[in-house]
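Heads up, the thing below is written out as structure tokens.
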2 protein chains.
Amino acid sequence: MASRQPLPATAYAILGLLSFGRELTGYELKQWADDSLRFFYTAPAMSQIYTELERLHDAGLVLDRVVQDGNRTIRSYRLSARGAAALRTWAAETRPEPPVLKHHLALRLFLGHLVEPERLVEQVRAHRTWLEHMLTELADVRDDLAHDDPDTWRYARLVAAWGRRYYESEAAAMDELLAELSLLPVSRSLENLPGS
Amino acid sequence: MASRQPLPATAYAILGLLSFGRELTGYELKQWADDSLRFFYTAPAMSQIYTELERLHDAGLVLDRVVQDGNRTIRSYRLSARGAAALRTWAAETRPEPPVLKHHLALRLFLGHLVEPERLVEQVRAHRTWLEHMLTELADVRDDLAHDDPDTWRYARLVAAWGRRYYESEAAAMDELLAELSLLPVSRSLENLPGS
DNA sequence: ATGGGCATGTAACGAGTTACATGATTTT
DNA sequence: AAAATCATGTAACTCGTTACATGCCCAT
């Protein structure tokens, strides 16, 4: 029990996963986060999930059930009534913050004058490959969602569709970038830095 | 002097800004970060810029110059030869990490069953408005870049072009999302949560 | 019997934030 | 005279990570 203070976004993400109605262990939550949140939100580390679950439990927003499975202890969590209320209030009444983007490749591009153009091209291509990888994994998710209850996973499917567009657009942007980079005249700015 | 250990990405971002050759104060770096990094990388807080500058100075990667301007002290920083070398090594030899995305709106969409559809639509629309705002600000940046030395800002212009596509694609995705949301049958899942 | 997956947790740490505190200079 | 901008910095804190530590269960 206690503290109505605003929780970290990750706490709401975990409550959100629990709002699908299943009773889950920390381990299972981590797996699910890796299969869903990962694509549009960072999947929290295992240890943070446990930390967050404890906090949520202390606040009375989740209920736990301790199962003595032979010799080891397994704790499963489910949403409490208060947790569901807090979650709904959060979802309805707080406005989503703007997305947080740390685009390391864009930073490299911004600082393109630091490397030979071929290096940059390599890095853009590597990023492109990564995007393709994400797209195939997303496709797997979409396949799974197609098999399951259409009502429950309605919004998950919308996010998956959004994600597909998102990553595809990024991949197309990388292709355009590669075209633009190939047109760039040889830079002389490498020599303008201190120490050369 | 000291420590060849890997610096946080933000330190390299600051070194990167200094690699454009100007001598800058912490305050000026913050302003510039807000006008550039902001669009593809989080602009660090003022206090962190000072922290990072001190770290970089201790490591001998930047040189400072203390100007006694009347009564107050102003510290300007410029890249040292070692800093330039460290920066170039980083840019050429370490591969950029995948982008970090925390898309709060996507999380809300994923948890769409928690709110009335109209709420969701409002939030998507608000996000769309924010994207438009970012686009107009980016357009201002592009105008500025068009006036300045084309050689120096070559890569900055590429990033700005990338950013424009990025935010435009997001805006288009929001429009598609709104269309899809309007087709969605009324959900009954609001009633399936604990406590209702 | 060994390796991988299931399962839980702690400790140390680091990046980055907000809030606080101060004061000069410039513009209105 | 007041407000905005320039300018620097500290303190407290929190989110979140990696590394560590443990041990069960199941398949090969």
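In what follows, chains are A, B, ... by sequence order, proteins preceding strands, each numbered from 1.
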Quickly work out the [X] [atom1] to [N] [atom2] distance and round it to whole Å.
X     : N      : atom1 : atom2 : answer
A/W32 : C/dC6  : CH2   : P     : 17 Å
B/L53 : C/dG16 : CG    : C1'   : 15 Å
B/I74 : D/dG9  : CD1   : C1'   : 14 Å
A/D34 : C/dA7  : CG    : C1'   : 15 Å
B/D64 : D/dA7  : CG    : C1'   : 15 Å
A/E54 : C/dA11 : CD    : P     : 12 Å
B/I49 : D/dT8  : CD1   : P     : 11 Å
A/K30 : C/dG5  : NZ    : C1'   : 15 Å

Apply side-chain hydrogen bond (donor to acceptor under 3.5 Å, both in side chains) to B/E137 and list each qualifying residue two or more places apart in sequence or on a separate chain.
B/R38
Do A/E116 and A/R119 meet the salt-bridge criterion of a basic N to acidic O distance under 4.0 Å?
no
Between the opening five pairs and the closing five pairs of the helix from C/dA1-D/dT28 to C/dT28-D/dA1, how far apart are the helix axes, to 10°?
30°
I'd like to check the side chain to side chain contact (heavy atoms under 4.5 Å, CB included) partners of [X]; sequence neighbours left out, ordered by chain and number.
X      : answer
A/E132 : A/R128
B/R75  : B/H57, B/D64, B/V66, B/Y77
A/R55  : A/L7, A/P8, A/E52
B/D148 : B/W153

Those residues that, when tested against A/F40, pass ring pair (Phe, Tyr, Trp, His ring centres under 6.0 Å) (two or more places apart):
B/F110
Which residues pass the ring pair (Phe, Tyr, Trp, His ring centres under 6.0 Å) test with A/Y166, sequence neighbours left out?
A/W162, B/Y166
Once salt bridge (Lys or Arg N to Asp or Glu O under 4.0 Å) is applied, what residue pairs with a partner in residues 9-24 of chain A remain, sequence neighbours excluded?
A/E23-A/R65, A/E23-A/R78
Under 4.0 Å between a side-chain N or O of B/Y50 and OP1 or OP2 of D/dT8?
yes
Hey, is the side chain of B/Q31 poking within less than 4.0 Å of OP1 or OP2 on D/dC6, counting only N and O atoms?
yes
Protein-nucleotides 26-28 of chain C N/O pairs closer than 3.5 Å?
none

NE2/A/H127 to CD/B/E97 distance, rounded to the nearest 0.5 angstrom?
12.5 Å
Who are the salt bridge (charged side-chain N to carboxylate O under 4.0 Å, His left out) partners of B/K102, not counting sequence neighbours?
none
Can you tabulate the close N/O pairs, meaning under 3.5 Å, that link protein atoms to atoms of nucleotides 15-23 of chain D?
unit_1	atom_1	unit_2	atom_2	d
D/dC15	OP2	A/R55	NH1	3.3
D/dC15	OP2	A/R55	NH2	3.0
D/dG16	OP1	A/T10	OG1	3.3
D/dG16	OP1	B/K102	NZ	2.5
D/dG16	OP2	A/T10	OG1	2.8
D/dG16	OP2	A/Q48	NE2	2.8
D/dT17	OP2	A/A45	N	2.7
D/dT18	O4	A/S47	OG	2.9

